[in-house]
Number of protein chains: 2
Amino acid sequence: MLSGRWKLPILFRLFAEPTMRSSQLLRDIPGISQKMLTQHLRQLEQDGLVARQDFQEQPPHVAYEVTASGRALMPALIAVREFARQHTEAE
Amino acid sequence: MLSGRWKLPILFRLFAEPTMRSSQLLRDIPGISQKMLTQHLRQLEQDGLVARQDFQEQPPHVAYEVTASGRALMPALIAVREFARQHTEAE
DNA sequence: CAGCATCCTGCTTGATACTG
DNA sequence: CAGTATCAAGCAGGATGCTG
């Protein structure tokens, strides 16, 4: 469910904002490609962690946000990240 | 640090016992191979999550345990697993 | 802007056989 | 028992070009 090079970066970035457009995520997450962004967003969507809003506009306007369910998971993920931080500092 | 097909199964299994031999882990974790067990144990060792005790006996006797550091990480992992459980039940 | 399709590469994994 | 070595396969991921 969380496996994939960019799942966590996407979740954390998305968690920091109420809502975000694709292009913003693409800019904000260094190194990610359009392909992987979309692919991982789809999976996060399927798993109910992220919601997609399509504004049906021209030009296209789509926004993403972390769902309530996804938000419930974040504290645990933050704890793991914190552990990783302190753990990696030592190197 | 946790990425790898068997890292979490190993950690959780190891967490449930004070100490475990290789062969026990091999038996207890369905589907894992000798190779992956050793490989992942080495990495967990390098990351300080697991400790290896070699009893220097003949025949070989080696035991593994979760380190204090590793134990500190477990509550967060358990929380994520719990989330995954409830999440997967719905399917 | 948002997304899809394609090709291509490298890592991770699995199967198997072997050593002390 | 514990571990290593080798080979082949599968899949995730990167680069690129195209669509509405």
Side-chain angles (χ1 to χ4, degrees), chain A residues 1-14 16-67 70 77 84 88, chain B residues 1-14 16-67 70 77 80 84:
Chain A
M1 195 173 124
L2 297 171
S3 66
R5 174 78 179 78
W6 303 102
K7 291 274 183 68
L8 294 177
I10 291 173
L11 275 180
F12 279 117
R13 189 67 196 86
L14 224 40
E17 309 284 340
T19 192
M20 276 219 180
R21 300 183 61 158
S22 309
S23 51
Q24 288 180 299
L25 285 166
L26 201 53
R27 275 190 297 268
D28 288 5
I29 303 174
I32 197 173
S33 67
Q34 255 276 353
K35 175 189 170 184
M36 294 316 296
L37 176 61
T38 308
Q39 189 175 116
H40 281 170
L41 278 173
R42 292 290 168 279
Q43 294 174 7
L44 290 168
E45 224 186 312
Q46 280 193 6
D47 286 331
L49 299 179
V50 160
R52 184 188 128 114
Q53 299 176 305
D54 191 334
F55 289 90
Q56 301 284 23
E57 291 177 3
Q58 206 55 247
H61 183 182
V62 176
Y64 294 91
E65 61 178 349
V66 182
T67 62
L77 297 185
T88 313
Chain B
M1 196 174 121
L2 298 171
S3 66
R5 173 79 180 78
W6 303 102
K7 293 273 183 70
L8 293 177
I10 292 173
L11 275 180
F12 279 117
R13 189 67 196 84
L14 222 40
E17 308 285 339
T19 192
M20 276 218 181
R21 301 184 60 157
S22 309
S23 50
Q24 289 179 300
L25 285 166
L26 202 54
R27 275 189 298 268
D28 288 4
I29 304 175
I32 197 172
S33 67
Q34 254 276 353
K35 174 189 170 183
M36 294 315 296
L37 176 62
T38 308
Q39 189 175 118
H40 281 171
L41 279 173
R42 292 291 169 276
Q43 295 172 9
L44 290 168
E45 225 185 311
Q46 281 191 5
D47 287 331
L49 299 179
V50 159
R52 183 188 128 112
Q53 298 178 306
D54 191 334
F55 289 89
Q56 302 283 21
E57 289 176 4
Q58 205 58 246
H61 183 182
V62 176
Y64 294 90
E65 60 178 350
V66 181
T67 62
L77 296 185
V80 175

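Residue numbers begin at 1 in each chain, while the letters A, B, ... track the order of the sequences. Only this structure's heavy atoms are used, side chains among them; waters, hydrogens and symmetry mates stay out. Model, not experiment: these values are computed from the prediction.
The side-chain hydrogen bond (donor to acceptor under 3.5 Å, both in side chains) check on A:Q43 picks up A:K7, with sequence neighbours excluded. Every side-chain contact (heavy atoms from CB on, under 4.5 Å) that A:T67 has, sequence neighbours left out, goes to A:A51, A:S69. With sequence neighbours left out, the side-chain contact (heavy atoms from CB on, under 4.5 Å) criterion links A:Q53 to A:T19, A:F55, A:A63, A:E65.
Following rounding to the nearest Å, B:L26 (CG) and C:dA15 (C1') show an atom-to-atom distance of 14 Å. For B:Q53 and D:dA2, the CD to P distance is 13 Å, given to the nearest whole Å. Taking atom CZ of A:F55 as the reference point, atom P of C:dA2 lies 10 Å away to the nearest angstrom.
The salt bridge (Lys or Arg N to Asp or Glu O under 4.0 Å) pairs that include a residue from residues 33-46 of chain A are A:R42-A:E45, where partners are two or more places apart or lie in different chains. Sequence neighbours left out, the pairs with a member in residues 23-33 of chain A that pass salt bridge (Lys or Arg N to Asp or Glu O under 4.0 Å) are A:R13-A:D28.
Close to D:dA2, at under 4.0 Å from its OP1 or OP2, lies a side-chain N or O of B:S23. In this model, the phosphate group of C:dA2 is approached by a side-chain N or O of A:R21 to a distance below 4.0 Å at OP1 or OP2.
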Tabulated below should be each protein N or O lying under 3.5 Å from an N or O of nucleotides 12-18 of chain D; please produce it.
{"from": "D:dG13", "atom 1": "OP1", "to": "A:R5", "atom 2": "N", "distance (Å)": "2.5"}
{"from": "D:dG13", "atom 1": "OP2", "to": "A:H40", "atom 2": "NE2", "distance (Å)": "3.2"}
{"from": "D:dG14", "atom 1": "OP2", "to": "A:W6", "atom 2": "NE1", "distance (Å)": "3.0"}
{"from": "D:dG14", "atom 1": "N7", "to": "A:K35", "atom 2": "NZ", "distance (Å)": "3.2"}
{"from": "D:dG14", "atom 1": "O6", "to": "A:K35", "atom 2": "NZ", "distance (Å)": "2.1"}

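Between D:dG20, D:dT4, C:dC4, one nucleotide has an atom nearer to the side chain of A:P60 than all others, and that is D:dG20.
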